[in-house]
Each structure stands twice: as C-alpha cells, then as structure tokens.
Amino acid sequence: MSDKRRHRNPYPPEFRQRIVDLVRSGRSPDDLANDFEPSAQTIRNWVAQADRDGGTRADGLTTEERDELRRLRREVKVLREEKEILKKAAAWFAQETGSVPKASSSSRKRTRRSPP
C-alpha cells in the first residue's frame, strides 16, 4: 500500500455544519464517525474550527484568517517569481547593450573617498 494519503473532495459546508450542530447537541464525535464517513478526529477538528470562527476559542486562526494567509502566501510566491524574472531580464539586457546597471544603495555599500 502507498504511503501517500488518499485525497477526497472536501465535505460540503452544510454537511460539516450539521455534524458540528450534532456534536453541540450532545452526540459524541466517535458516535457520529460510526454513522457517517468522517473520522472522529476530523469531526473534533471541525468543532474546534467552528469555535475559533465563532470567537469562543483563540488557539488558532479563524477560517477567514487562514484564507487570507493562503492568499498572501500565493501573492508573495508570484511576486518572488516576477522579481527573479526581472533580475534575469535586467542582466540579459545589460549584457546585450554592454552596460551594467547601477547597484541600488540597499544592495551595495558605498564608500566615500576624500577629494585628492
């Protein structure tokens, strides 16, 4: 058997909410795991996340914060890729034209010489 986990499509939000409601009404995650497909740990994770989203827990990120973090990480990745492309393009153009672009002050220390 492969070490890779099987990937399944996420459960619909309505289903997750219904399971969370059942836990809050007194059913145990273990009991629900026997009746439905998600594992008891998955159900406990859903309840904990619902509590974070509802403001009753502060031990992690809310769903909104996770979404924002995911979006920002993607944006940073794209910006780094674009920066790398621009660096390569600048080096190529400098080589083609025979000129070397000035180094920015942040990338190279400049020393001042006193006049002769």
Side-chain angles (χ1 to χ4, degrees):
M1 185 174 234
S2 174
D3 289 334
K4 293 183 180 181
R5 294 181 182 181
R6 267 192 294 167
H7 183 274
R8 72 168 310 289
N9 290 330
Y11 292 96
E14 300 81 18
F15 176 77
R16 293 170 68 152
Q17 184 58 51
R18 182 70 181 127
I19 296 292
V20 168
D21 292 343
L22 288 170
V23 170
R24 289 181 175 158
S25 72
R27 303 262 320 257
S28 76
D30 294 317
D31 182 36
L32 291 168
N34 289 330
D35 294 343
F36 301 98
E37 188 177 320
S39 69
Q41 185 58 53
T42 296
I43 294 170
R44 283 191 275 285
N45 292 345
W46 291 349
V47 172
Q49 190 63 50
D51 290 344
R52 284 184 203 102
D53 292 345
T56 58
R57 281 182 78 145
D59 62 341
L61 300 175
T62 65
T63 300
E64 186 177 312
E65 290 168 332
R66 283 178 186 255
D67 291 345
E68 180 181 16
L69 183 59
R70 192 175 298 116
R71 180 187 61 77
L72 290 171
R73 284 180 175 163
R74 263 194 312 265
E75 188 176 323
V76 166
K77 181 181 176 188
V78 168
L79 290 171
R80 284 183 176 151
E81 289 170 355
E82 290 173 351
K83 178 182 172 186
E84 193 61 33
I85 290 168
L86 290 172
K87 280 174 52 177
K88 289 177 181 179
W92 184 83
F93 281 115
Q95 184 179 6
E96 288 295 311
T97 61
S99 66
V100 178
K102 289 184 179 181
S104 68
S105 60
S106 63
S107 66
R108 191 165 118 185
K109 288 185 178 179
R110 294 182 182 194
T111 57
R112 291 191 140 185
R113 293 185 181 175
S114 57

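Small disclaimer: the values here were computed from a predicted structure and weren't measured.
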**Asked** CG/Leu22 to CZ/Phe36 distance, rounded to the nearest 0.5 angstrom?
**Response** 6.0 Å

**Request:** Decide if atom CD of Glu96 counts as having more than 12 heavy atoms of other residues, nucleotides or ligands within a radius under 6.0 Å.
**Result:** yes

**Message:** Is there a salt bridge (charged side-chain N to carboxylate O under 4.0 Å, His left out) between Arg24 and Asp51? Walk through the geometry before answering.
**Reply:** CA-CA 11 Å; Arg24 289 181 175 158; Asp51 290 344; 2.6 Å; yes

**Prompt:** To the nearest 0.5 Å, how far apart are CZ in Arg52 and CG in Leu61?
**Reply:** 8.5 Å

**Heavy-atom neighbours of Phe93 CZ exceed 12 at 6.0 Å** = no

**Message:** Please report the interatomic distance CG(Asp30) to CG(Asp35), rounded to the nearest 0.5 Å.
**Reply:** 11.5 Å

**Message:** Less than 4.5 Å apart, side chain to side chain, heavy atoms only: is that true for Phe15 and Pro38?
**Reply:** yes

**Fill in**
Rounded to the nearest 0.5 Å, the OG1 atom of Thr42 sits from the CD atom of Glu37 at a distance of 9.5 Å

**Asked** So, Gln41 and Asn45: side-chain donor and acceptor under 3.5 Å apart, yes or no?
**Response** yes

**Request:** Enter the distance from Gln49:CD to Arg66:CZ here, rounded to the nearest 0.5 Å.
**Result:** 5.0 Å

Can you give each donor-acceptor pair under 3.5 Å made by side-chain atoms of residues 69-77, sequence neighbours left out, with the distance rounded to 0.1 Å?
from: Arg70; atom 1: NH1; to: Asp67; atom 2: OD1; distance (Å): 3.1
from: Arg71; atom 1: NH1; to: Glu75; atom 2: OE1; distance (Å): 3.3

**Prompt:** More than 12 heavy atoms of other residues, nucleotides or ligands under 6.0 Å from CD of Gln95: is that the case?
**Reply:** no

**Message:** Measuring from atom CG of Asp21 to atom CD of Glu14, what distance do you get when rounded to the nearest 0.5 angstrom?
**Reply:** 12.0 Å

**Prompt:** Is the number of heavy atoms from other residues, nucleotides or ligands under 6.0 Å of Arg57 CZ greater than 12?
**Reply:** yes

**Prompt:** Are side-chain N/O atoms of Asp53 and Thr63 paired as donor and acceptor at under 3.5 Å?
**Reply:** yes

